[in-house]
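Scroll down for the structure; my scribbles are underneath it.
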Amino acid sequence: MSDTSAGIVPAKPKGWRLLKLALQTRKAATMLAFGFSSGLPYALLIGTLNAWLGEVKISLATIGVLSWIGLSYSFKFLWSPLVDRFELPFIGKLGRRKSWIMLCQAAMIAAFGGLAATDPTTNIGTFAIFAVIAAIASATQDVAVDAWRIDVADETTPVELLSSIYQLGYRIASIVGGALALVLAARMSWPMVYLLMAGLIAVMIFIAARAPDTERPPFTALHDALSRTGEITPRVRWIALTIVGISWVWALSSIGRFMTSMLEVLPPGAVRPSTSDFMKATGPWIVAATVLVPLIVAATVNWLKSHHAYVLAEPDTRHSTARTTMNHLYVALVAPLAELSARLGWGVLIVVGLILTYTLCYNVWAAFAFPFYLDFLHYSKDEVAFASKVFGIFMTIIGIGLGGYLFLRLGRLPTILIGAILPIFGNFVYADLAEGGAHIDAVADFLQLNTIAGWVGSDARMVRLLLAISGENISTGIAGAAFIAYLSGIVSKQYTAVQYALLSSLTFLIGSLGRGIAGEAFDSMGYATVFRYTAAVGLLAVVFVLLEWVRSAREIRRNDLKLGAL
């Protein structure tokens with residue numbers, strides 16, 4: 001009798017065993033390469049690029065605005081229907097998913113080459129264009145890779161195994177694009193580093209060309225559920241989708257126009273606009289356009305269905321390419337929030353508030369970590385590479401493990417609350433580090449860490465950095481594990497993939513927008529002050545977690561009363 005048939009679930013492979021297993025089959029080995037291809041551009045664009053810009057003395061305000069390229073990863077679900085359905089001309093015959101993957105890889109190679117050929121000190125606008133192209137290509141590749149992983153999974157290589165292998169490749173890439181890139185930059189020019197990284201992506205193209213793929217399904221098979229009796233009519237779906245689409249287009253174009261105004265070459269005597277002023281005037285409207293308007297549209301759709309208004313009286317059997325495209329967009333933008341608001345009622349506002357604020361405390365300043373370590377604290381590239389991208393990753397893994405343990409021991413919401421509180425203290429630790437690290441040194445002396453560091457040839461200054469990174473990465477690891485578990489539990493099984501993609505993208509929205517303000521604030525107020533402000537902002541997440549705790553408790557009581565009545 002097998003372990004599975006006996007009810008014993010085999011332990012998931014980890015570490016070197018997982019790597020060995022990944023190389024045993026074609027699908028698994030390809031998944032490892034795709035994970036690496038996804039993780040490398042993210043590390044190079046969201047973190048390492050800022051180290052380059054900080055070294056050449058680009059202002060933190062400009063770095064903050066340029067970090068908005070990270071919104072590409074937040075909003076990738078917007079164009080996911082195109083990636084899912086559209087067959088690329090010429091190279092589309094290579095495969096349904098891998099044709100998109102190879103196209104994105106080629107675009108990233110060209111964009112990284114453009115970055116290498118552009119001097120950011122004299123042409124930051126062109127530099128930003130190449131960064132945006134690379135970010136959009138990387139985010140689009142992620143859409144295709146995620147779909148490929150689900151499509152090719154089978155009994156021999158189940159999706160759980162492929163997901164673990166993907167994460168392994170992604171983590172390897174984060175070390176290569178972070179630690180190794182910094183080590184190389186200490187010994188050669190930044191353009192040469194990015195050309196070498198583009199060469200690694202070029203290797204991934206050859207692997208992608210040999211990847212297995214799946215057949216393209218007929219478009220008439222898409223979303224039959226939307227054609228059933230009682231569903232909203234296609235005309236109303238078009239109206240709902242148009243309203244949401246206009247809101248998204250306005251929000252993205254507003255961000256794009258402001259980024260252009262911040263990065264373009266100014267005539268003599270002209271003054272760049274203020275990021276803080278833009279966010280005060282337009283930021284709330286951007287959040288309303290991307291969150292509040294879709295929620296209102298979703299609630300309206302639910303109201304119409306519940307009152308049997310504008311619904312199908314009989315199944316709709318008409319099919320067309322335009323109808324299929326509309327269904328894709330509707331399922332990506334409207335249906336997930338419609339289901340969530342129907343299930344949670346007014347509680348959806350608490351859930352969305354929690355999602356928007358939970359990672360805000362540490363996401364806002366994450367893009368400035370390398371300039372902080374390298375240019376403000378004056379650590380070497382080798383020191384930062386080890387502390388942040390090697391030692392720091394191990395601390396994050398410890399935090400993730402602790403988060404899983406606390407989840408099992410304490411339950412969902414207590415762990416989520418701990419995950420909301422700990423990063424606040426992490427920001428105070430970084431404020432202390434920015435002011436010389438007197439309190440961190442006191443802890444190190446108490447634990448005799450400076451003495452131990454002397455034995456291995458290190459010093460108190462390095463201990464100070466490692467302690468700060470330990471506290472930050474462990475706390476954010478706990479928070480991340482708790483938050484992913486929370487999101488996984490709140491989504492509907494009916495819309496698991498698209499709902500999770502939409503909700504998870506909202507976690508980056510406020511943080512990405514806030515980086516523009518943070519960059520300007522770092523320039524004007526200094527690191528320590530901004531760290532304390534972001535710690536105070538973290539209290540918003542604590543409030544929403546407590547509200548969600550109350551909402552969940554009431555929901556449990558209502559369900560118990562219903563069961564008792566039966």
Side-chain angles (χ1 to χ4, degrees), residues 14-16 18-20 22-23 28-55 69-70 73 101-102 104-116 130-131 134-135 137-139 141-142 145 163-208 211 366-367 369-370 373-374 379-397 400 469 473 477:
K14 297 179 180 179
W16 290 108
L18 179 60
L19 180 60
K20 180 181 178 181
L23 299 175
T30 303
M31 189 76 266
L32 183 69
F34 283 170
F36 183 89
S37 184
S38 291
L40 186 62
Y42 187 87
L44 291 170
L45 293 169
I46 304 304
T48 306
L49 190 68
N50 295 337
W52 180 358
L53 296 175
E55 184 176 294
I69 64 174
Y73 298 93
I101 293 171
M102 294 171 68
C104 294
Q105 289 170 339
M108 287 187 288
I109 293 170
F112 284 137
L115 289 174
F130 285 123
S138 174
Q141 177 190 233
D142 289 351
V145 167
S163 297
S164 298
I165 293 171
Y166 172 85
Q167 288 296 325
L168 178 63
Y170 201 98
R171 289 173 184 171
I172 293 172
S174 68
I175 295 175
V176 172
L180 181 60
L182 286 178
V183 170
L184 291 174
R187 293 157 178 82
M188 62 180 67
S189 67
W190 278 109
M192 184 57 67
V193 171
Y194 272 73
L195 284 176
L196 287 174
M197 296 299 160
L200 291 178
I201 296 176
V203 174
M204 298 300 107
I205 288 186
F206 291 101
I207 297 176
F370 281 160
Y373 299 142
L374 294 168
Y379 286 95
S380 71
K381 292 185 179 73
D382 288 355
E383 289 172 332
V384 173
F386 170 75
S388 179
K389 292 301 181 181
V390 179
F391 177 81
I393 286 178
F394 284 111
M395 292 300 103
T396 301
I397 292 172
I400 293 171
I469 288 177
N473 287 23

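All values below come from the heavy atoms of this structure, side chains included, with hydrogens, waters and symmetry mates left out.
- Between F36 and Y170, a ring centre-to-centre spacing not shorter than 6.0 Å is recorded.
- Under a 3.5 Å cut-off, the side chain of Q105 and the backbone N or O of A202 do not form any donor-acceptor pair.
- Considering all non-hydrogen atoms of both residues, G47 and F370 come closest at O-CD1, 3.1 Å.
- Residues L200 and L196 fail the side-chain proximity criterion, which asks for heavy atoms closer than 4.5 Å.
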Practice prompt. May I have the step-by-step check of side-chain hydrogen bond (donor to acceptor under 3.5 Å, both in side chains) for Y42 and S174, ending in yes or no?
Written response: CA-CA 8 Å; Y42 187 87; S174 68; over 6 Å; no
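- Around CE of M192, the count of heavy atoms belonging to other residues, nucleotides or ligands within 6.0 Å does not exceed 12.
- Residue pairs meeting the side-chain hydrogen bond (donor to acceptor under 3.5 Å, both in side chains) criterion with at least one partner in residues 178-197, sequence neighbours excluded, are E55-W190, R187-D382.
- In this structure, K381 and L374 have side chains that are in contact, with non-hydrogen atoms separated by less than 4.5 Å.
- In this structure a side-chain-to-backbone donor-acceptor pair under 3.5 Å is present from N473 to G392.
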Worksheet item: What do the steps show when you test L182 against Y373 for side-chain contact (heavy atoms from CB on, under 4.5 Å), and what is the final call?
Response: CA-CA 12 Å; L182 286 178; Y373 299 142; over 6 Å; no
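- Atom CG of residue L180 and atom NZ of residue K389 lie 12.5 Å apart, to the nearest 0.5 angstrom.
- Counting only heavy atoms from C-beta outward, the side chains of F386 and V183 never approach each other to under 4.5 Å.
- Side-chain contact between L40 and M108 is absent, with no heavy atoms from C-beta onward closer than 4.5 Å.
- For T30 (side chain) and A211 (main-chain N/O), no donor-acceptor pair under 3.5 Å exists by modelled atom type.
- The heavy-atom pair separating S138 from S38 by the smallest distance is OG-O, 4.3 Å.
- Atom CZ of residue F394 and atom CZ of residue R171 lie 10.5 Å apart, to the nearest 0.5 angstrom.
- No donor-acceptor pair closer than 3.5 Å links the side chain of S37 to the backbone N or O of A33.
- Taken from CG in L195 to CG in L115, the straight-line distance is 9.5 Å, to the nearest 0.5 Å.
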Worksheet item: Run the ring-ring contact (aromatic ring centres under 6.0 Å, His included) check on F34 and Y166 step by step: do they pass?
Response: CA-CA 7 Å; F34 283 170; Y166 172 85; 9.2 Å; no
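- Residues I207 and M102 form no side-chain contact, since every pair of their non-hydrogen atoms from C-beta on lies 4.5 Å or further apart.
- I205 is not listed as a side-chain neighbour of I101, based on a closest heavy-atom distance of 4.5 Å or more.
- Distance alone, capped at 3.5 Å, is enough to place a donor-acceptor pair between the T48 side chain and the A43 backbone.
- At least one side-chain heavy atom of I393 sits under 4.5 Å from a side-chain heavy atom of I175.
- Contact record, G39 with A173: C-CB, 3.5 Å, taken as the closest heavy-atom pair.
- The CG atom of L49 sits 4.5 Å away from the CG atom of L53 when rounded to the nearest 0.5 Å.
- The heavy-atom pair separating A181 from L44 by the smallest distance is CB-CD2, 4.3 Å.
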Practice prompt. Apply the test side-chain contact (heavy atoms from CB on, under 4.5 Å) to residues M197 and L184: give CA-CA distance (whole Å), side-chain angles for both, the deciding distance (0.1 Å), then the verdict.
Written response: CA-CA 11 Å; M197 296 299 160; L184 291 174; 4.2 Å; yes
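- Separating the OH atom in Y73 from the CG atom in D142 is a distance of 6.5 Å, to the nearest 0.5 Å.
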